[in-house]
Amino acid sequence: MESQIHKIHQQLVNKEISCMSLVQEKLNLLKQNTHNSVNSLLEDSALASAKKVDTKIENGQEIGLLEGIPFGIKDVYMLQGTYTTASSDLLKKYKAAYTATAIQKLLDAGAIPLVKENCDSFGHGSSSENTIFGAVKNAVNPDLVAGGSSGGSAVNVAKDNTVFSIGGDTGGSIRQPAGYNKIYGFKPTYGRISRYGLMAYASSTDCVGPIAKSLEDVRIVLNVMSGKDPRDQTSYVSEAVSADLKSSGIKTVGYYKNFIESDAISTKIKADFLATLEKIKAKGIAVKALDFFDADILVSTYYTLAMAETASNLSRLDGTNYGARIEGVNLKDTYSITRSENFSEETKRRVVGGNQVLSQGFSDEIYLKAQNLRNQISARFTEDFKDVDIVLSPVTPAIPPKIGESLQDPLAMYLSDAYTVGFSLGGLPALTIPKGTSTGLQITADKKKDAEVLQFANFLNEIL
Ligand code: GLN
């Protein structure tokens with residue numbers, strides 16, 4: 001698909017549409033909330049911003065490329081003065097006191113936020129059903145889940161309710177819902193975009209990233225949000241990805257044999273993936289099968305660390321400084337009731353699991369073992385990327401489940417992340433494109449090679 005951002009920008013500049021009418025049209029779609037993608041609307045501020053853009057255009061002033069472009073924000077980002085609920089009862093009435101760096105950069109570029117978007121509470125999930133705002137419905141088939149945790153963001157983009165949305169990806173939460181709703185979703189290299197103002201789930205893998213309908217729109221939004229931020233010491237200086245995505249010296253593509261030979265993969269996804277490899281070979285690119293850790297090792301390493309980190313990060317939410325406090329008979333009881341009543345079952349499962357793996361007597365055997373495995377996984381990536389330029393994989397082993405199914409079987413839900421969590425542990429850039437298999441393809445490169453990922457996506461768009 002062509003770039004929506006460039007198209008709308010031209011329409012605004014040529015006065016074919018007004019920004020007010022554009023924003024109003026999107027707000028009208030969002031108000032219907034047919035897919036439960038909306039937590040709260042930012043109607044007044046959006047219309048006020050749109051009016052300013054129109055005035056500028058009427059006065060013959062130049063506008064920037066993102067100026068007046070309506071977008072959505074997963075409801076885990078701080079945007080000063082707006083409800084920032086993480087789709088939880090605990091923060092149902094919480095209003096952000098400041099604005100996340102990534103979002104501020106978009107505001108500075110003139111983009112207009114319309115909506116805080118539904119997601120799995122605190123990013124905990126792969127279906128966007130763990131939310132107090134109702135399960136998000138898949139944009140393609142509303143009986144199926146939207147994927148998660150950034151399900152509302154993916155659905156808003158797929159349904160044209162927003163031009164792009166900002167998701168958050170800890171273990172696949174941008175890539176998986178993008179795949180389930182047949183759009184693009186990018187998790188950049190860890191640290192490329194500041195995490196300041198993104199509510200922390202697992203800080204060592206949390207990433208900010210764009211969801212959009214075209215590769216060019218992913219690129220534009222990525223470039224605006226990237227950069228070193230003194231408020232996030234893991235952020236780094238990066239070069240903008242150039243608009244010319246003509247590739248580059250990509251000579252060898254690898255794929256993980258055991259991902260494709262696993263019993264869990266659907267036969268159709270497997271066949272489509274293998275057919276894609278043949279098309280790549282036919283263009284003169286070498287394709288190399290690689291050995292890798294089994295999916296259950298990746299999933300258990302990821303969930304051990306993610307649960308430990310989230311138990312620690314969410315410990316501040318006890319009803320004292322943050323959260324809907326429920327008074328008990330004493331302080332300890334107050335903490336206990338506040339957290340028991342206001343966290344989802346899934347969040348509680350993770351807090352209990354996380355505290356268990358961190359506790360004395362268990363941490364050496366479980367937490368440190370997972371850290372050790374993570375180091376081995378990262379080392380394997382470093383080795384692999386000496387041999388191949390890109391690793392290609394399916395995004396998910398199967399098509400989206402029906403709404404309600406994953407809630408009955410959390411373990412099956414965790415396994416649906418089999419192909420995404422490993423790249424998160426490695427901090428690698430990974431992009432979902434809506435091609436190749438029915439839930440898309442995932443393109444990964446070595447750390448900081450985000451440009452190569454986008455270039456290879458451009459190549460695949462030409463040949464698939
Ligand atoms: N589904 C994964 C999890 O629940 C990933 C979520 C995410 O990336 N926020 O942890």
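Just so you know, ligand 1 is whichever comes first in the structure, and atom 1 is the first atom listed for that ligand. Values below: every heavy atom of this structure, side chains too, minus hydrogens, waters and symmetry copies.
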- prompt: How far is atom 9 (N) of ligand 1 from its nearest protein heavy atom, and which residue and atom is that?
  reply: Ser173 OG, 2.7 Å
Cation-pi, Tyr83 ring and Lys95 (6.0 angstrom, 45 degrees): yes
message: Looking at Arg350 and Glu346, is any side-chain nitrogen of the basic one under 4.0 Å from a carboxylate oxygen of the acidic one?
response: yes
field: NZ/NE/NH1/NH2 to OD/OE distance under 4.0 Å, Asp389 and Lys449
entry: no
- request: With heavy atoms of Gly123 as the reference, note each atom of ligand 1 found under 4.0 Å away.
  value: 4 (O), 6 (C), 7 (C), 9 (N)
- request: Pull out every atom of ligand 1 sitting under 4.0 Å from any heavy atom of Ser149, numbered as shown with elements.
  value: 7 (C), 9 (N)
Asp291/Lys257 ion pair, N-O < 4.0 Å: yes
- prompt: Looking just at side-chain N and O atoms, do Asp417 and Thr420 make a donor-acceptor pair shorter than 3.5 Å?
  reply: no
query: Using a heavy-atom cut-off of under 4.0 Å, does the side chain or the backbone of Asp417 touch ligand 1, or both, or neither?
result: side chain
task: Report yes if Arg350 has an N/O atom closer than 3.5 Å to an N/O atom of ligand 1; otherwise report no.
output: yes
field: Under-4.0 Å salt bridge between Glu216 and Arg219
entry: yes
field: Shortest protein heavy-atom distance from atom 10 (O) of ligand 1, along with the residue and atom involved
entry: Tyr201 OH, 2.5 Å
- prompt: Heavy atom under 4.0 Å from ligand 1: found in Tyr303's side chain, backbone, both, or neither?
  reply: side chain
Any N/O pair Gly148/ligand 1 closer than 3.5 Å: no
- request: Of all the heavy-atom pairs spanning Tyr180 and Ser126, show the shortest one and how long it is.
  value: CE2-O, 4.4 Å
field: For Gly171, the ligand 1 atoms whose distance to one of its heavy atoms is below 4.0 Å
entry: 5 (C), 7 (C), 8 (O)
query: Got a sec, which pairs hit ring-ring contact (aromatic ring centres under 6.0 Å, His included) with one end in residues 124-161, sequence neighbours left out?
result: His124-Tyr201
Whether Gly125 lies under 4.0 Å from ligand 1, heavy atom: yes
- request: Could you tell me whether ligand 1 has any atom less than 4.0 Å away from a heavy atom of Tyr302?
  value: yes
